[in-house]
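Working notes for the structure below.
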Amino acid sequence: MVGAETSLLRWIVFLPVLAAAVHGVMLGLLRREAPRAFVVGLSCGAVGLAFVLACVSLGRLLTLPGEAGFLADEVWSWIGAGRFHAELGFRMDALSAVMTLVVTGVGFLIHVYSVGYMAEDHRDDGGFQRFFCYLNLFTCAMLLLVLGDNLLVLFLGWEGVGLCSYLLIGFWYGDRWNAYCGSKAFIVNRIGDFGFLVGIFLLVWALRDVGVGSIAFHEIEAGFGALAERTVRLPDWLGFLPGAPEWRLATLIGLCLFLGACGKSAQIPLYTWLPDAMAGPTPVSALIHAATMVTAGVYMVCRLSFVYEAGPGAAATVAWTGGVTALLAATIALAQTDIKKVLAYSTVSQLGYMFVAAGCGAYGAAIFHLGTHAFFKALLFLGSGAVILAMHHEQDTDRMGGLRRRLPHTHLVFLVGVLAIAGFPPLSGFFSKDEILLSAWLAHDVPGHQALWALGLVTAALTAFYMFRLHFRTFAGASRVPEEVRNHVHEPSQVVRVPLYVLAAFSAVAGLAGLPQVYGDALGVSDSNSLAHFLAPVLAAEAHHVSHAVELGLAGLAVAAASLGTLLAWWLYVHRPGLPARLRAGLGALFRLVRDKFYVDEIYDALLVRPLVIASDRVLFRGVDAGLIDAVGVDGTARAVRALAARVLKHAHSGLAQGYLFVMLLGTLAVVGWLVR
Amino acid sequence: MVPLEHVIGLSAILFGIGTVGALTRRNLIVILMSIELMLNAVNLAFVGFSRAWGSLDGQIFVLMVITVAAAEVAVGLGIVIALFRNRESINVEDVSLLRW
Amino acid sequence: MTAPTLDLTAVAPIGFVAIGALVVLLAEVVLSRRKTLLGRPVTDVWIGAVLAMIASGFLALALYASAHAFWADTSAVFQLERPMLRLDRLAAFVTALVAVASLLVCVLSVTYLAEVRINHGEYYALLLLATSGMMLLAGSTDLITLFLGLELMSIPIYVLAGFDRRRLRSNESALKYFLVGSFASAILLYGMALLYGTTGHTDFDGIRAAFPAGNPLALTGFGLLLVGFAFKISSVPFHQWTPDVYEGAPISVTTYMAVTVKVAAFGALLRTLTVAFGPFAGELTGLLWVLAALTMLVGNVMAVIQDNLKRLLAYSSIAHAGYVLVGLVAGTPEGHAAVLFYLLVYVFMNLGAFAALVALANRGRDCERIDDLAGLARSRPALAGLLTLFLLALAGMPGTGGFIAKFMVFKAAVGAGYVGLAILGVLTSVVSVYYYLRIPVAMYMSEPGEAALREESSSGERLVLAVCAVVVLLLGIFPGAGPGLLAHVRALEWARQSVALLY
Amino acid sequence: MIELNTHLLSVVTFLPLATALGLLLVHRLPESAWRGISLASTTVTFLLSVHLFLGFDPAKAGFQFVEYAAWLPSYGIHYFVGVDGISLLLVLLTTFLMPLVLLASWTDITRSVKGFVFFNLFLETGMLGAFVSLNVFQFYLFWEIMLIPMYFIIGIWGGPRRVYAAIKFFLFTMFGSLLMLVAVLVLYLLFFEQYGVLSFDLVPPPSAVGPALLDTAVPLAGEAVWWKTQTWLFLAFALAFGIKVPIVPFHTWLPDAHVEAPTAGSVILAGVLLKMGTYGFVRFALPLFPEASFQFAPLAFGLGLVGILYGALVAMVQSDIKKLVAYSSVAHLGFVMIGMFAFNEEGLEGSVLQMVNHGLSTGALFLLVGMLYERRHTRQIADLGGIARPMPVFAAFFGIVTMSSIGLPALNGFVGEFLILLGTFLVSPGVAVAATFGVVLAAAYMLWMYRRVMFGPVESPENRSLIDLGLREKAILVTILIPIFWIGLYPKTFLRRLDGPVNELVDRLERHGATTARATAAPPLAAFLAPPAGRPEEAGR
Amino acid sequence: MSEAVFFYFFAFLAVASALGMVLNLRNTVAAAMSLVVTMVALGAIYVLLEAHLIAVIQIMVYAGAIVVLFLFVVMLLNLRQDAFPPPRQRVVKGLGVLLAAAVCVAFLGALPGTLPDAAVTPEGFGGYREVGRVLFTDFVLPFEVTSLLLLAAMVGSVVLAKRSLD
């Protein structure tokens with residue numbers, strides 16, 4: 001299977017990076033803020049053009065002869081030593097195409113939106129151009145990630161997006177908190193990358209045995225067939241693990257790589273950075289921390305679906321981690337009042353859904369949800385951004401309420417997003433989430449798959465509840481907006497609103513791209529699930545067959561759950577607005593536990609970070625380094641030499657000539673004694 | 001004929017006495033004398049050996065030693081005088097400015 | 001009875017130097033009587049310079065004679081019947097080295113003597129007499145000449161150490177040197193007596209032939225002889241006088257003592273061990289091993305706590321004696337060649353280091369404490385740089401002769417299987433680096449103190465410093481044949497040739 | 001031109017020294033003249049070494065640009081220089097950093113400028129000489145001699161505890177290298193015993209096929225007296241090189257030297273001098289003692305690993321930026337160590353490349369810290385904060401270099417680290433996994449420092465009025481960023497040149513070492529993951 | 001037989017006066033006189049050992065010149081009786097004495113059997129003629145060197161002891 005050569009792909013990646021480089025050079029070397037029109041034109045133009053190129057490439061891809069062909073573009077040989085080699089190359093198959101379109105498309109919209117959002121911001125130096133520089137750089141990195149021809153290029157993008165995320169979270173670096181959140185995101189992601197790297201090493205190590213030195217995806221896939229059944233023995237101290245001591249190699253590789261995915265896609269136990277990442281500007285939250293970067297983990301799992309297919313243990317872990325994360329994040333979201341925090345936890349939760357799908361072998365569903373989520377979550381974030389802008393950078397819903405009257409357009413598009421995420425038909429979220437629940441229901445390989453399904457269902461209800469809670473607290477009811485702000489609240493400018501409308505439209509109708517056949521049959525469309533068909537050649541998915549009745553029944557249950565949640569939210573926050581406060585008081589500790597995110601950050605800090613720092617300082621640095629090696633070893637030796645001279649040998653040099661004679665006599669006797677013996 | 005052992009024994013005893021003198025006496029001049037005594041002991045040994053081997057080398061050696069001893073005494077006493085002029089003492093233990 | 005056949009070439013260097021001493025004495029008498037000469041007023045400094053030139057001239061003649069003997073590669077003896085003095089390559093090498101060192105010290109002394117106001121003509125005469133003693137020592141093949149050489153070397157140096165009569169420290173230095181020295185002479189003599197008594201010979205060949213290896217009396221004699229040498233080369237534990245004497249003597253004398261005495265004594269020791277005790281010397285290595293180890297250790301460790309430069313260099317010279325001994329321990333021709341090469345380098349690097357101190361002595365005051373050198377790099381950058389060079393050479397840094405010297409010595413030791421000693425040697429070298437580096441620290445890294453040092457070097461001092469620097473670098477970079485003109489300078493080769501005839 | 005090419009290596013090596021000696025002869029020039037002359041000299045050296053790099057034929061085996069001349073032929077000491085891919089890279093690194101360093105010290109060093117440029121030029125020749133020497137004696141000479149200029153650079157132009165730091169640096173290095181000298185002598189005599197020839201030549205000289213030091217059969221433990229065994233000889237070499245690297249228990253000179261040295265000193269120290277140690281391993285210790293290398297590979301892995309983790313953890317708690325960077329060097333060189341002892345192409349090439357990478361990244365970090373110090377006169381992280389506000393360009397450069405240092409892909413650090421970890425993983429997965437964790441820690445301490453220095457509100461007035469980088473400083477940093485990106489994006493340029501020598505070394509190690517030691521050495525540390533069950537024996541080989 | 005008596009008498013005299021010199025803590029002049037006695041006794045023993053010329057020179061140079069020089073200096077310095085403060089390093093000195101004694105005993109014990117047997121000496125052995133002949137033929141070089149040595153001593157003592165050189 002060899003891809004069709006084209007040099008189109010590289011330009012999709014290079015355009016944004018060139019734009020970023022131009023920005024960087026202007027900022028760094030010319031020290032002059034460029035005219036805004038130029039900045040906007042360059043950045044948006046580059047991303048827009050990348051989108052156009054992506055579309056052209058898609059066209060080329062669709063017209064390729066042969067079934068499983070892909071577009072390939074090898075730029076140059078990147079890293080190579082010994083038998084290992086990795087090229088800086090790109091490939092576009094169905095999966096990459098979907099991702100590329102999402103990245104460039106949504107990315108372009110968010111670029112445009114940012115023009116309005118960042119227009120008035122002067123918090124730190126060179127903000128405007130710097131922002132677009134980072135944004136372009138991010139786009140490039142994300143495109144590298146999705147278009148990368150091998151694991152290493154994927155990793156390049158993977159780290160690149162992490163860097164941009166770091167830069168953009170701490171964009172307003174004048175505030176310590178923002179900077180802290182940025183570093184936290186990067187470091188937590190690095191922990192994930194640790195797993196990712198180990199996964200890559202394992203893969204290379206394993207492939208070496210079958211004579212494959214490359215880690216290009218098609219080579220891995222080809223070589224992996226021979227490795228699928230291989231097992232490894234775990235060391236004894238890991239004997240407590242299920243299935244020990246013999247594990248499938250694929251499981252081990254899958255788990256290592258999944259650790260990376262956990263970091264990037266904010267799953268348990270590495271999800272804590274994502275809520276804090278909301279410290280960045282809202283367009284960033286929309287683009288990076290909702291639509292694109294955080295889905296990289298899902299993309300990676302799907303890209304390497306054959307590994308997870310061969311390692312059922314890994315797949316089950318993926319599914320269950322996703323399920324539990326989805327529920328946990330949804331629970332935390334229940335009690336948050338910060339508009340972006342709620343959305344952040346909802347993102348974590350939705351990512352959990354995607355992993356459930358991926359773990360259950362429904363990679364298509366995962367990608368489908370990834371796409372629809374990109375639209376509606378971007379929409380929700382951008383909507384919240386509009387609110388925040390209107391409220392002069394106020395994010396706490398305790399100080400909002402009743403904004404429906406002041407921001408009618410925003411209210412409407414936000415409502416579309418809420419409905420979509422809550423999973424009401426026929427909005428996009430309904431179809432994608434429904435497929436995921438179905439796949440969980442059917443995933444017989446995953447232990448406890450029905451419990452997993454139930455988990456998903458509960459999460460669906462909770463999702464509907466907290467999203468509507470958010471919506472009601474923001475737009476409905478009485479206004480809690482402070483006096484001085486209230487009169488200045490107004491709809492944002494056109495450049496901000498247009499992307500909202502576009503996204504709202506996509507959120508509403510994107511579900512049609514992956515319309516399950518059961519509805520297709522009802523509508524008389526054959527092959528309605530065009531996305532699944534498009535992706536099928538790339539993903540290692542087995543088609544499952546299920547009766548329409550079950551499928552519809554499950555869908556009905558999901559809708560019912562969502563409705564329940566919605567109704568409860570309405571009851572609590574619109575119908576009886578006094579009740580939540582009493583409820584809160586009644587629940588007491590439990591409420592605080594949820595509001596404070598189960599204290600996970602604090603536990604991590606106390607158990608891992610602090611002991612490490614204290615031990616490093618007290619034991620390693622002060623104890624071993626300064627105390628032992630330097631004071632005893634190095635200076636100690638010097639002192640010992642000095643002491644030998646000053647305390648011992650000195651007495652032989654008393655300055656008294658007769659003492660010298662005496663020593664000389666002794667020496668003479670010793671010499672003679674030695675000789676005569 | 002006196003056995004050579006006794007001659008050498010006498011020389012060793014005199015050398016020992018000279019050594020003890022050089023080591024213990026504090027009067028610089030007496031120390032010099034003790035060293036002279038040591039040289040005399042050496043001379044005695046040379047003469048004894050010279051007689052035993054029947055070769056004159058030892059006696060020539062003694063002549064040289066006597067010359068050297070004279071030279072040493074001259075220089076040594078010169079040093080003592082120079083020191084005495086500055087220090088007003090011939091106690092060897094007073095000469096310990098330079099140490100360690 | 002036939003008249004003895006005499007070969008004057010064997011005594012030519014000694015003769016030149018001895019005649020030089022007489023000429024200097026006469027010239028001093030003549031010159032100091034005159035108020036003017038050739039229309040110019042006669043000053044003390046001028047007299048000193050003239051005497052130094054005379055002395056240098058005779059030393060140069062001696063140098064020429066010994067160099068000639070070296071190239072001629074004859075083993076000239078003074079008289080065939082009873083060869084008490086031999087001018088073979090070893091003797092020529094040592095003689096030449098001693099001559100060069102004495103010559104440089106003469107040149108170096110002119111300004112210094114005037115500066116510390118001890119500008120007497122006898123200085124040069126004594127210096128030449130001592131030098132003649134060293135030359136005798138280097139060539140002697142008989143216990144009698146060995147003894148006379150030793151004394152002829154020592155007695156003028158006792159006087160020179162006390163040459164600054166008005167300073168108590170100088171008196172003390174002379175006294176201690178004299179006391180310990182004559183005591184050591186007595187021990188040495190007793191050893192000679194016993195050797196004579198047990199072998200019936202005083203010449204080396206005779207001793208070698210007749211040495212009764214199992215006789216305790218003979219062994220005692222051998223041991224006592226060794227002690228006498230150990231004293232002269234200041235090997236631990238016979239070294240304690242060294243720092244006191246070096247510290248108290250005028251620096252120019254210290255310089256002279258530090259470089260020449262050691263060279264001559266080692267030359268003689270080398271010959272004694274190989275010629276007189278050749279077959280027996282192998283049993284000696286254990287003893288020499290201990291002496292070398294102790295000497296390196298104590299010399300270096302004690303130097304660490306010194307604040308007085310002369311004293312520090314004294315301990316450093318003790319330590320260097322230890323390194324030279326390592327070559328003797330090896331006992332191989334290679335080791336002995338390394339000894340000679342080490343001495344060659346040692347002369348120039350030590351002379352250079354002392355010369356720098358000489359060049360700083362100001363108005364009756366020596367530059368003695370390390371602190372006195374503070375900030376020297378700014379006031380006298382060239383001098384500071386040169387002093388640093390010599391110290392680095394002493395520390396054995398590559399690029400200088402000091403490194404090659406140590407390298408050769410350790411190579412010989414390792415080659416002979418004395419790896420432990422080589423390791424001890426390198427470890428103590430690390431210690432030595434510490435104290436040598438303290439001096440550049442003062443010169444380069446400290447703020448100037450209030451010590452009043454001389455601001456200008458005389459041309460003689462500059463010449464000496466330059467010669468030493470050039471030689472130290474040359475021996476470091478081209479110890480063998482170099483390119484171009486340097487192709488004829490093959491110091492390592494010379495050292496090897498010098499010892500070749502001993503076996 | 002032909003003439004130049006035949007002596008190119010010597011010209012490159014000795015041009016700086018010649019300039020330095022020339023400077024000694026001149027008096028009373030304005031300060032900028034000293035700087036200008038030295039800058040010009042080092043720049044020409046760099047251009048010549050680029051010429052060297054371009055003229056180097058990666059396809060040819062063995063050493064190139066070889067020059068061979070008698071020096072002390074009766075002792076087997078020759079002037080013998082030549083480069084293979086490994087030394088070529090390090091030569092290029094050295095000549096590249098030197099002009100930058102001098103440029104960076106343009107305004108920083110105002111006291112005795114002449115001395116400063118003299119010592120720097122002297123140092124450059126010392127370093128280059130060590131990299132190109134193929135005669136062990138000659139190598140040792142250069143290896144030791146470069147201590148002197150560095151000692152003075154730290155001691156004269158350094159910080160308040162400069163004297164302590166300089167002496168500590170000197171003594172530490174001297175301690176190890178003198179023991180190595182003894183080992184060299186033993187090796188030399190062994191060679192003599194076996195072939196009857198005295199020679200310090202590491203490889204046979206050009207146009208002569210004869211045995212060279214590399215052909216010495218060094219006995220294994222038990223076959224000869226202790227000092228002639230590989231075990232002890234290797235340990236002596238390893239101690240000398242290990243102190244310079246530095247590996248962990250011998251590292252404490254490094255933070256002191258780095259902190260006290262002036263910017264130029266720190267850059268050269270980190271950039272080039274530390275590489276001497278690792279280069280020594282690759283060039284001498286491993287090929288000369290293959291069996292012992294295998295025998296001690298677990299130890300090297302262990303110490304390298306300790307270096308990575310220990311360096312990182314200690315770096316995390318430093319309050320002085322320079323000290324932090326110094327400890328990060330310990331960690332980085334830990335990677336180089338384990339990569340080297342993986343004994344495969346991936347690990348070794350990664351190691352050599354990582355030497356260059358570390359030189360560039362850490363060198364750049366020290367340059368940046370120096371620029372900040374010049375303005376603010378403090379290196380305490382607590383005194384800084386919000387520097388990005390007054391100095392955005394500085395912050396940007398610092399950011400890129402930080403990322404390079406923590407191994408972000410597309411920058412140089414990643415390529416080296418990845419290859420090292422991969423190579424190590426193939427041999428000892430457990431070590432590789434633990435080392436990979438060091439990458440996480442690196443991000444933690446570097447970003448912690450970056451955040452505390454660059455971000456947050458500008459609190460002190462001194463920080464508010466800082467002036468951003470000038471043209472000279474920008475030029476320096478841009479210049480150093482070029483190879484950082486180059487290696488990150490297209491490392492082939494450099495890796496290609498490493499293939500030959502590294503393959504040869506791996507072959508050698510496999511040939512000698514695999515039989516005796518692989519079986520015994522591997523289990524203790526490498527058994528984190530046993531080979532997969534049912535793995536066909538030697539399937540890949 | 002008479003030789004033996006002669007020898008032991010002078011040997012006893014030499015040892016006794018040597019001890020007298022070393023043990024006399026008060027009077028430097030008396031010490032010098034004791035030394036003279038030792039010298040003379042040794043000179044007598046030299047005669048027994050057929051070293052006639054040496055015996056004469058011993059008396060002349062040692063007793064006649066060297067000891068006189070000592071006495072001269074004692075007078076010159078106008079030394080009062082030894083009135084030194086308590087000695088330092090008493091333990092060391094005591095040990096030194098004991099050691100020296102022990103070594104002497106050990107040495108004397110080791111002597112028998114290690115020495116050469118006495119040879120028959122030719123006529124005139126040790127007389128001025130024989131010694132003189134050897135001295136001016138075989139040993140002409142040492143003889144010449146002694147002149148340098150004496151020159152050095154002369155110059156040296158002048159330099160050191162002359163009141164003013166300037």
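We name chains A, B, ... by the order of the sequence lines, and we start the count at 1 in each one.
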Query raised in the report: How about A:F621: does its CZ atom have over 12 heavy atoms from other parts shown lying under 6.0 Å from it?
Result: yes
Query raised in the report: What orientation do D:F425 and A:W205 show, parallel under 30°, tilted 30 to 60°, or perpendicular over 60°?
Result: perpendicular
Query - side-chain contact (heavy atoms from CB on, under 4.5 Å) between D:M316 and A:L612, worked out - result: CA-CA 10 Å; D:M316 207 152 63; A:L612 200 63; 4.1 Å; yes
Query - Residues A:F201, D:V433; criterion side-chain contact (heavy atoms from CB on, under 4.5 Å); working and verdict - result: CA-CA 9 Å; A:F201 297 147; D:V433 169; over 6 Å; no
Report task. Quick one: pull up NE2 in A:H85 and NZ in D:K492 and give me the separation to the nearest 0.5 Å. Result -> 9.0 Å
Report task. Pick one of side chain, backbone, both or neither for D:V478, based on which atoms fall under 4.5 Å of a heavy atom in chain A. Result -> side chain
Query raised in the report: So which part of D:L419 gets closer than 4.5 Å to some heavy atom of chain A, the side chain, the backbone, both or neither?
Result: side chain
**Report entry** Verdict with supporting geometry, D:H251 and A:I629, side-chain contact (heavy atoms from CB on, under 4.5 Å)
**Finding:** CA-CA 9 Å; D:H251 67 285; A:I629 300 178; 3.6 Å; yes
Requested in this report: Answer with side chain, backbone, both or neither: which region of D:E346 has an atom nearer than 4.5 Å to a non-hydrogen atom of chain A?
Outcome: both
**Report entry** Greatest number of heavy atom pairs closer than 4.5 Å to chain D - which of A:F84, A:W158, A:W177, A:Y180
**Finding:** A:F84
**Report entry** Distance, nearest 0.5 Å, that separates OH of D:Y310 from OG of A:S616
**Finding:** 10.0 Å
Requested in this report: Would you mind checking which part of D:L441 comes under 4.5 Å of any heavy atom in chain A, side chain (CB onward), backbone (N, CA, C, O), both or neither?
Outcome: side chain
Report task. Let me know if A:V634 has heavy atoms under 4.5 Å from chain D in its side chain, its backbone, both or neither. Result -> side chain
Query - Part of A:I614 within contact of chain D (heavy atom distance under 4.5 Å) - result: neither
Report task. Heavy-atom distances under 4.5 Å only: say whether A:L620 touches chain D with side chain, backbone, both or neither. Result -> both
Query raised in the report: In terms of heavy-atom proximity below 4.5 Å to chain D, should A:V624 be classed as side chain, backbone, both, or neither?
Result: both
Report task. First locate atom CG of D:L426, then atom CZ of A:R83, and finally report the distance between them rounded to the nearest 0.5 Å. Result -> 8.5 Å
Query raised in the report: Considering only heavy atoms, which portion of A:W76 lies under 4.5 Å from any heavy atom of chain D: side chain, backbone, both, or neither?
Result: side chain
Query raised in the report: Which one, A:D625, A:V613, A:L628, leads in non-hydrogen pairs under 4.5 Å with chain D?
Result: A:D625
Query raised in the report: Which residue out of D:L489, D:V458, D:D256 racks up the most heavy-atom pairs below 4.5 Å with chain A?
Result: D:L489
Query - Which portion of D:L471 sits near chain A, non-hydrogen atoms under 4.5 angstrom - result: neither
Requested in this report: Among A:G157, A:A81, A:S183, A:G195, single out the residue with the greatest number of heavy-atom pairs under 4.5 Å to chain D.
Outcome: A:A81
Query - Enclosure of D:R472 CZ (heavy-atom neighbours >12, cutoff 6.0 Å) - result: yes
Query raised in the report: Where on D:F175 is there a heavy atom nearer than 4.5 Å to chain A: the side chain, the backbone, both, or neither?
Result: neither
Report summary line: Answer key: most heavy-atom pairs under 4.5 Å with chain A among D:L447, D:L422, D:T424, D:V314 is D:L422
Report task. Please flag which part of D:F414 lies under 4.5 Å from any non-hydrogen atom of chain A: side chain, backbone, both or neither. Result -> side chain
Query - Parallel, tilted or perpendicular, as decided by the 30° and 60° cut-offs, for the rings of A:Y166 and D:F455 - result: tilted
Query raised in the report: By a 4.5 Å heavy-atom criterion (distance strictly below it), what part of A:L156 contacts chain D: side chain, backbone, both, or neither?
Result: both
Query raised in the report: Among D:L348, D:N503, D:I406, which has the most heavy-atom pairs under 4.5 Å with chain A?
Result: D:I406
Requested in this report: Below 4.5 Å from any heavy atom of chain D, which atoms of A:D635 appear? Answer side chain, backbone, both or neither.
Outcome: side chain
**Report entry** When A:L163, A:L167, A:L144, A:L88 are compared by non-hydrogen pairs under 4.5 Å with chain D, the top option
**Finding:** A:L163
**Report entry** Region of D:E417 in contact with chain A, defined by heavy-atom distances below 4.5 Å
**Finding:** neither
Query - chain A contact via D:L498 - which portion, at a heavy-atom distance below 4.5 Å - result: neither
Query raised in the report: Pick from D:A432, D:A396, D:P249: which one has the most heavy-atom pairs with chain A under 4.5 Å?
Result: D:P249
Query - Interface moiety of D:L495 toward chain A, non-hydrogen atoms closer than 4.5 Å - result: side chain
Query raised in the report: After noting the C-alpha distance and the side-chain angles of A:F186 and D:Y450, does the key distance pass the ring pair (Phe, Tyr, Trp, His ring centres under 6.0 Å) rule?
Result: CA-CA 13 Å; A:F186 198 95; D:Y450 189 73; over 10 Å; no
Requested in this report: Check the pair A:D630 / D:K168 against side-chain contact (heavy atoms from CB on, under 4.5 Å), numbers first and verdict last.
Outcome: CA-CA 10 Å; A:D630 248 7; D:K168 193 173 180 182; 2.8 Å; yes
Query raised in the report: Can you tell me if CZ on A:R610 sees more than 12 non-hydrogen neighbours from other groups inside 6.0 Å?
Result: no
**Report entry** A:F155 ring center within less than 6.0 Å of D:F418 ring center
**Finding:** no
Report summary line: Looking only at heavy atoms, the pair that brings A:I79 and D:P491 closest together is CG1-CG, 4.2 Å
Query - Heavy-atom pair count under 4.5 Å with chain A, highest-scoring of D:A442, D:A315, D:P409 - result: D:P409
Report task. Check D:V439 against A:R190 and note the closest heavy-atom contact, atom names and distance. Result -> CG1-NH1, 2.7 Å
